[in-house]
Amino acid sequence: MIEVNELTKRYRHGVAVDGLSFTVRPGVVTGFLGPNGAGKTTTVRVLLGLAAPSAGEALVGGRAYASLHHPLREVGALLDANAVHPGRSAVDHLRWLARTNGIGPARTSSLLERVGLAGVARGRVGGFSLGMRQRLGIAAALLGDPGVLILDEPVNGLDPQGVRWIRELMRSLAAEGRTVLVSSHLMSEVELTADRLIVIGRGRLLADTTVGELVTGAGSASLEEAYLRLTDGAAEHRAGGGW
Ligand SMILES: Nc1ncnc2c1ncn2[C@@H]1O[C@H](COP(=O)(O)OP(=O)(O)OP(=O)(O)O)[C@@H](O)[C@H]1O
């Protein structure tokens with residue numbers, strides 16, 4: 001479970017997250033949506049202990065990240081698929097992560113198999129496509145067999161086969177009873193993958209609902225239309241008029 005309680009994060013030039021509260025429950029895929037600059041990354045960074053809250057809290061399994069004894073076993077995250085040393089092989093990267101987090105090496109092989117990288121396990125990550133790096137990032141997120149997964153734009157750079165693969169993976173991870181929070185700007189993909197949605201704008205909660213309720217409640221034909229209505233006014237850059 002993820003709990004964000006009255007979270008505020010201020011930067012020098014303004015408020016990125018503004019009194020935000022929501023809960024993400026296990027067993028379903030929850031989409032985390034909002035226009036550019038809404039505060040999604042900031043919220044995730046606080047959840048992962050990469051930024052400190054100005055007020056409020058963001059908890060994983062009831063605890064702040066900094067107080068987790070074995071963070072990788074509690075929460076796995078895919079943030080930036082390029083944040084891997086390019087000279088390392090996929091298997092070395094995972095083994096290094098496992099070693100530094102007290103996880104046995106045996107799990108790396110089964111994970112490389114699960115994400116479809118077994119055949120290139122010894123290849124240097126520098127030669128990987130973005131899609132292959134995304135898969136490696138997902139393997140790293142799963143390394144500690146965590147109950148909570150946070151995936152930021154996981155379908156970025158994936159081809160249609162990869163997109164379908166990640167969709168099914170997320171659903172199976174949720175079906176295993178995990179908490180799965182996934183951010184995306186691709187409404188058509190979110191509509192296919194997520195059960196619930198947290199939508200934020202300008203650092204505040206705009207909706208905490210199911211995909212079905214958001215679409216039908218807004219009388220819209222699609223999630224994209226419902227989302228655009230909901231976030232109208234909260235977007236950072238809006239098209240200027242005059243045409
Ligand atoms: N380290 C930082 N220092 C100063 N301001 C920041 C910092 N990180 C984020 N911000 C600001 O906080 C606001 C929220 O940014 P954030 O990256 O959390 O939004 P986002 O919803 O993830 O956007 P996107 O969809 O574009 O990734 C933005 O106005 C951004 O400029």
Side-chain angles (χ1 to χ4, degrees), residues 2-24 29-60 64-66 75-84 130-131 133-134 137-138 141 148-158 163 166 170 179-194 196-209 211 214 222-240:
I2 291 172
E3 292 158 281
V4 172
N5 299 320
E6 293 294 323
L7 179 67
T8 293
K9 178 66 184 176
R10 286 183 209 95
Y11 288 113
R12 214 146 57 96
H13 297 292
V15 183
V17 177
D18 192 4
L20 182 64
S21 299
F22 63 85
T23 299
V24 186
V29 176
T30 301
F32 192 28
L33 314 182
N36 291 135
K40 304 179 296 295
T41 305
T42 303
T43 304
V44 167
R45 284 177 56 81
V46 175
L47 272 167
L48 297 174
L50 298 169
S54 307
E57 58 185 7
L59 310 177
V60 172
Y65 189 91
V75 53
L78 173 72
L79 285 190
D80 179 1
N82 290 318
V84 176
L130 179 55
R133 287 176 205 213
Q134 292 284 88
I138 287 165
V148 176
L149 284 152
I150 301 175
L151 309 175
D152 189 20
E153 298 279 354
V155 299
N156 243 1
L158 294 186
V163 170
I166 188 92
M170 284 192 285
T179 301
V180 182
L181 183 67
V182 52
S183 75
S184 179
H185 287 299
L186 296 173
M187 291 306 126
S188 53
E189 189 48 40
V190 171
E191 198 162 15
L192 288 171
T193 313
R196 292 199 64 87
L197 298 175
I198 305 289
V199 188
I200 67 172
R202 298 189 187 277
R204 296 187 179 176
L205 189 70
L206 296 178
D208 177 352
T209 185
V211 174
L214 185 65
S222 66
L223 176 62
E224 183 183 69
E225 194 183 316
Y227 169 83
L228 288 173
R229 278 191 200 177
L230 181 68
T231 56
D232 186 33
E236 200 174 43
H237 305 289
R238 303 179 63 195

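Quick note: residue numbers are just sequence positions, from 1. Each ligand, and each atom within it, is numbered from 1 in the order the structure gives.
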Check your understanding: Quick one: are L47 and V148 in side-chain contact, heavy atoms under 4.5 Å?
Key -> no
Exercise for review: Using a strict 4.0 Å cut-off to heavy atoms of P35, name the atoms of ligand 1 that fall inside it.
Suggested key: 21 (O)
Review point. Of E153, K40, H13, K9, which has the heavy atom at the shortest distance from atom 20 (P) of ligand 1?
Key: K40
N/O donor to acceptor pairs below 3.5 angstrom from side-chain atoms of residues 51-59, sequence neighbours left out:
| residue | atom | partner | partner atom | Å |
| --- | --- | --- | --- | --- |
| S54 | OG | R10 | N | 2.8 |
| E57 | OE2 | N5 | ND2 | 2.9 |

Practice item. Go through ligand 1 atom by atom and flag the ones less than 4.0 Å from a non-hydrogen atom of N36. Key: 23 (O), 24 (P), 25 (O), 26 (O)
Check your understanding: Is a side-chain donor or acceptor of Q134 paired with a backbone partner of E153 at a separation under 3.5 angstrom?
Key -> yes
Exercise for review: Could you pull out all residues at least two apart from T42 that satisfy side-chain hydrogen bond (donor to acceptor under 3.5 Å, both in side chains)?
Suggested key: none
**Study point:** Atoms of ligand 1, numbered as shown, that sit under 4.0 Å from any heavy atom of H185
**Key:** 25 (O)
Review point. Does the N or O separation between G37 and ligand 1 drop below 3.5 Å for any pair?
Key: yes
**Study point:** Any N/O pair G34/ligand 1 closer than 3.5 Å
**Key:** no
Point to revise | Heavy-atom donor-acceptor pair, T23 side chain to E3 backbone, under 3.5 Å | key: no
Review point. Hey, looking at atom 27 (O) of ligand 1, which of V15, T43, T41 has the closest heavy atom?
Key: T41
Exercise for review: Number the atoms of ligand 1 from 1 as they appear, then name those within less than 4.0 Å of a heavy atom of A38, with their elements.
Suggested key: 19 (O), 20 (P), 21 (O)
Point to revise | Main-chain N/O of F32 paired with K40 side-chain donor or acceptor, under 3.5 Å | key: no
